[in-house]
Amino acid sequence: MATIAEPASAAPKRRRTAAATRELQTGRLVAAHVWVGVAAFAVACLLGVWQMWARSPIEAPYHTASNYFRSVTLHGISMAFVLTTFFIMGFGYYVAETALRRPLPGLKIAWGAFALGLAGTLMAALSVISGNASVLYTFYPPMTATAWFYIGLVLVVVASWAWCVLMIVAMREWKAANPGQAVPLAMFATVANAVMWLWTTLGVAAELLFQVIPAAIGWNGMVDVGLSRTLFSWTLHAIVYFWLFPSYIAFYTMFPRAAGGRLFSDTMGRLAFILFLLYSLPVGLHHLFMDPEHSNGFKFIQMFLTALVSVPTLLTIFTITASAEIAGRMRGGRGLFGWVRALPWDRPMVLATGLAFLMLFFGGGGGLINMSYGMNAMVHNTSWVTAHFHLIFGGTVVIMYFAIAYAIWPSITGRNFANMGLLRIQLWTWFVGMMVMTLPWHWTGLQGQWRRVAAFDYSDPMIAAWGPWVIVSLIGGILLAASALLFVYNLAILHRSGRPGARRTIDYAQAVHPPGRVPAALNGFGLWNWLVALLMLLAYGYPIAQFFIDPPPQAVIHRVAG
Amino acid sequence: MAVSERAILKSEIRWAWVVGGIVAVILGAILFAALSMGMNPPSNREFVDPKTLHLSSEFTEANLGTSVDPNGRIVARMITTQFEFVPNCIVLPADRDVTLRFASPDVIHGILITGTNVNTMVIPGYVAQVHTRLTKTGDLLMPCHEYCGLGHSQMLATVRVVPPEQFRPDSQGRVSCGDDR
Amino acid sequence: MADEAYPADAHDYESEAEELERVDSAMRDTPRGALVVSGIAVALLMLGWLILYFFVFIPRGTVG
Amino acid sequence: MARRPKSGPKTPRRDKRGAAGTPPEQRTLDRPWRLWASVVVVAALGVGGLLGFVVVPAAQKENAGLSMGHAMQRAAGLEPGSPAAPQPLGTASAIPVSTVSWDPEIMAILASGNTERGATLAAQTCVACHGEKGISQTEFPSLAGQSAYAIYKQLHDYRSGARVNDQMSPVARALSPSDLAAVAAYYSDASKEYAALGSRDHIGEANIDRLAREGDSRRRLPACLACHVNGSGGPIETPVITGQSKDYLLRQMNDFASGARRNDVYGRMRNISRKLTPQEREQLARYFEGTF
């Protein structure tokens, strides 16, 4: 790894700059995005608790199959599409202004995209609430909802494309103004995510525009189910990394600073983000391991590439642990483990990072089982998988969204938190709730408890034995919902009260060796786009082409809209 | 700075070897299962038209359930449809090679047999197929594990795994649960 | 202090020179602890995977 | 979005073009990255492909009694089956209960809606019993609000003999399948505005309401309304039963339970009806008629 090891002479430029008092140009934009995401999140958490109640041995109100699947659809859409997309867009705008220290190009376009995304969200949400779109967030053609549902989601995606373009333009303009300099890591990672998202959404966009929406409107009476699943799988894995990117950005560029230390290696950060871009895309077939329509050979290749996508996460674990060690030792920690205790765990960003890693341990471990080719049969579509992605999404992703929101909110509202205790309580209840909810799911999932059902027959002795575990996980769910509401309160309170005089910007972590001149490969995405294209061509080329070379029989559309 | 960036990257590379080792162990174990036991995900690019499934010979109503081929192969055929399995109960012997074949006339379904490695999606347009050898006996639950509509939660079947000596095909080579299930 | 310091304009050290000096001395031992801690974590991860492989997956019978 | 790959290679190319502006040390820095990144990616694909397409099928082929060529074709998805096990062959002959088939020609007619052909046929043969707009005042079933698939399925079954009725069988046999499809399309289209019939209030005892809306997991009974309402996402040929005469509904459930009627594909309704008690059948019939 021949990177130039420049002496760390460059004095930290950002240190002790006079507190910026000017309001952030993107402040209102960021707040609007975050609030849309958070509103969807709060609703989804409450629905989630009701769903767990409905599945438990305890009688739940409003419990019909129709209500249940409406609720599951709304929960999935709100969490996976609305919370994530809006939060990521908002955070991206924030990073573009604060890390590049330039105004965001195209502020008006950003507001336009926001309005478009919001309109799409409302369209999709109303379709689900009216009972015309109970197809869950993974769609399942030949079941077909009202066209408004899909068109609404397409609008959200189009809004996110506008964001991607703005991020790329912002980085280019900065590079033109700062020739030869390394793009700040936070922005480099944000653009990596934007580039990856453009690739990622191609699959679902093709599925919706060419297969599902024509069927929903009534132009097509039939659909090639295998093709639609394959196109969705193109999106299905990388979308998780789209959600995860902000968490990793916080690990690399916010946590070391919050801990009072330095980032161990800026180069490794760039490399990790690039590896995510490369290997999170050509692996989606691992969601179709149990499907008949793809051959063992292509499943094997994508399993192999999936094993490689664990590499950047495992590298990150080391780099961030080392960064924590630096901070701990700077604060007087000694010995092999003393630095752990010396870390300022009372700071939300530090606490959240620690808890996120604990949940990543269980979530990632579950993921390693899931991706293991034939071994996937042991757990596919059981509660094990539900536990896995709730730990990754609700654990690593969302807890870092909390931490990011807490970190940036003072600079947006101009007020500092008066009661940090509430922030810590919120993070801890989220962590405890998530573990209490998901550990029983792993256990029942291994015994074969299947997914996506509105009710279990607890008169069956085997299912009855799961009952107590289901109730334990329901308690975890209630804790999670309480934590979610506390999060809303914590953010809302800062708009009205709190200690005024907060700085209107934040500082990102410095590396032990701040990057000097870096190779073009670590400062842009030209090379990597070609390699992504090559990987996708070889990993997905034939698996998609086979549906056109030798078309399978199609299935009749089943309408889920009255 | 006392520690050069090169030294930092060296420690990262040392760690990368650990990571590489983990990945190699996992891939090795997966390969071992694939090579020595034939453990694969259930792939089967075999088409069957969902629109005329009930007119096909293999998945005609009278041909469903467990049967033993003239050459001794044990094959169970089932329909997964909204919102039940047809038949609702099948008999299989333990410790023998068996093949399960599923097809759907309507939407996507998925099946697993609790406590076993049997698991496959049933995609309209394809015959979903699992080769397996069951290791325990008893009445096992076989639920539909993929959302298939509002009746999804009630879509369950029973797999009766019997000791090999109790698996007795009739004159046509067929074995059924006998009761109405 | 932590409250005062949050969010990110934390200046945990008296001066820049002191901070650099602390970074320098911290780097003398880093990343030994990180190697051990993350080593233990992935070892446990590996152990969990192998337990499921040998004691759940394999005994449940072949599939393909 | 298509511009991504196009704009992608700009960074390296710009370096070449603007060589004067790029310091030589930058260029020596960039070259190994381009080389090694490509090598790593190609190697990953190569190793994965070698293992997946060659090594695994080579080791697995014996158990399936396959040659290397066929094992590799299975691994690539060119032949059905997995290279690890032999593929069974079906020998049964087809004995379908209902011979209805959703071929593209029929689907096209069903989707064509209210045509002159359909209207003429309906006026000649159907309105006397089923009402002009498909609303029957007698125990004959109403056709209002039914999907074209549901009407066609039953007409086709009367024609083929899968379902038998003294009045309907001769009527259906006198028409061709495409005529039946035209009638079905006419009725489902012409009666759209009367779909209100299907939204009549359901009133009934708690256990019956529960059976209709939630089903009964213990008996593996799905909710009636998981299928028997338009837009449920259930089987396409399912009729709407709300507002139908209770005598008609009860007779159908009893016939399914006894096996006297058996034109339900794969026995779905025969199974469900058998699981219902005679009392439940009666209560459900009244519940769906809306006169409980």
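Within every chain, numbering begins at 1; the chains are lettered A, B, ... in the order of the sequence lines, protein sequences first and strands thereafter. Bear in mind the structure is a predicted one, so any value in this text is a computation, not a measurement.
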Where on [X] is there a heavy atom nearer than 4.5 Å to chain A: the side chain, the backbone, both, or neither?
{"X": "Arg74(D)", "answer": "backbone"}
{"X": "Ser232(D)", "answer": "backbone"}
{"X": "Ala76(D)", "answer": "backbone"}
{"X": "Pro222(D)", "answer": "neither"}
{"X": "Val56(D)", "answer": "side chain"}
{"X": "Ala111(D)", "answer": "neither"}

_Pick from Asp457(A), Leu535(A), Val453(A), Val556(A) with the largest number of heavy-atom pairs that fall under 4.5 Å of chain D_ =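 The answer is Asp457(A).
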*When only pairs under 4.5 Å are counted, which of Met222(A), Gln302(A), Glu59(A) shares the most heavy-atom pairs with chain D?*
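Between Met222(A), Gln302(A), Glu59(A), the count favours Glu59(A).
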Once you round to the nearest 0.5 Å, how far does [atom1] of [X] lie from [atom2] of [Y]?
{"X": "Asn230(D)", "Y": "Arg559(A)", "atom1": "CG", "atom2": "CZ", "answer": "11.5 Å"}
{"X": "Ile301(A)", "Y": "Leu45(D)", "atom1": "CD1", "atom2": "CG", "answer": "6.5 Å"}
{"X": "Asp460(A)", "Y": "Arg220(D)", "atom1": "CG", "atom2": "CZ", "answer": "7.5 Å"}

Tell me, for [X] versus chain D, whether the close heavy atoms (under 4.5 Å) come from the side chain, the backbone, both or neither.
{"X": "Tyr542(A)", "result": "side chain"}
{"X": "Tyr279(A)", "result": "side chain"}
{"X": "Leu305(A)", "result": "side chain"}
{"X": "Ile463(A)", "result": "neither"}
{"X": "Ser459(A)", "result": "side chain"}
{"X": "Met303(A)", "result": "neither"}

*Does the side chain to side chain contact (heavy atoms under 4.5 Å, CB included) test come out yes or no for Val40(D) and Leu531(A), once each step is laid out?*
CA-CA 10 Å; Val40(D) 167; Leu531(A) 291 175; over 6 Å; no
_With a 3.5 Å distance limit and no angle check, can you tell me whether Asn296(A) reaches the backbone of Ser82(D) through a side-chain donor-acceptor pair?_
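Judged by distance alone, no pair lies under 3.5 Å.
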*Is the side chain of Thr64(A) donor-acceptor paired with the backbone N or O of Glu214(D) at a distance under 3.5 Å, no angle test?*
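Between the backbone of Glu214(D) and the side chain of Thr64(A) there is no qualifying donor-acceptor contact (under 3.5 Å).
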*Looking at Ala44(D), Gly81(D), Gly215(D), which one has more heavy-atom pairs under 4.5 Å with chain A than the rest?*
Ala44(D)
*asked:* Please identify, among Ala84(D), Ala223(D), Ser217(D), Pro57(D), the residue contributing the most non-hydrogen atom pairs under 4.5 Å to chain A.
replied: Ser217(D)
*When you look at NE2 of His70(D), are more than 12 heavy atoms from neighbouring residues, nucleotides or ligands closer to it than 6.0 Å?*
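Atom NE2 in His70(D) is not crowded, with 12 or fewer foreign heavy atoms closer than 6.0 Å.
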*Check whether any side-chain heavy atom of Leu534(A) sits under 4.5 Å from a side-chain heavy atom of Val42(D), and report yes or no.*
yes
Mind listing the closest non-hydrogen atom pair of [X] and [Y] along with its distance?
{"X": "Phe304(A)", "Y": "Leu51(D)", "result": "CE1-CD1, 4.3 Å"}
{"X": "Ala37(D)", "Y": "Leu527(A)", "result": "CB-CD2, 4.0 Å"}
{"X": "Trp33(D)", "Y": "Pro519(A)", "result": "NE1-CG, 3.1 Å"}

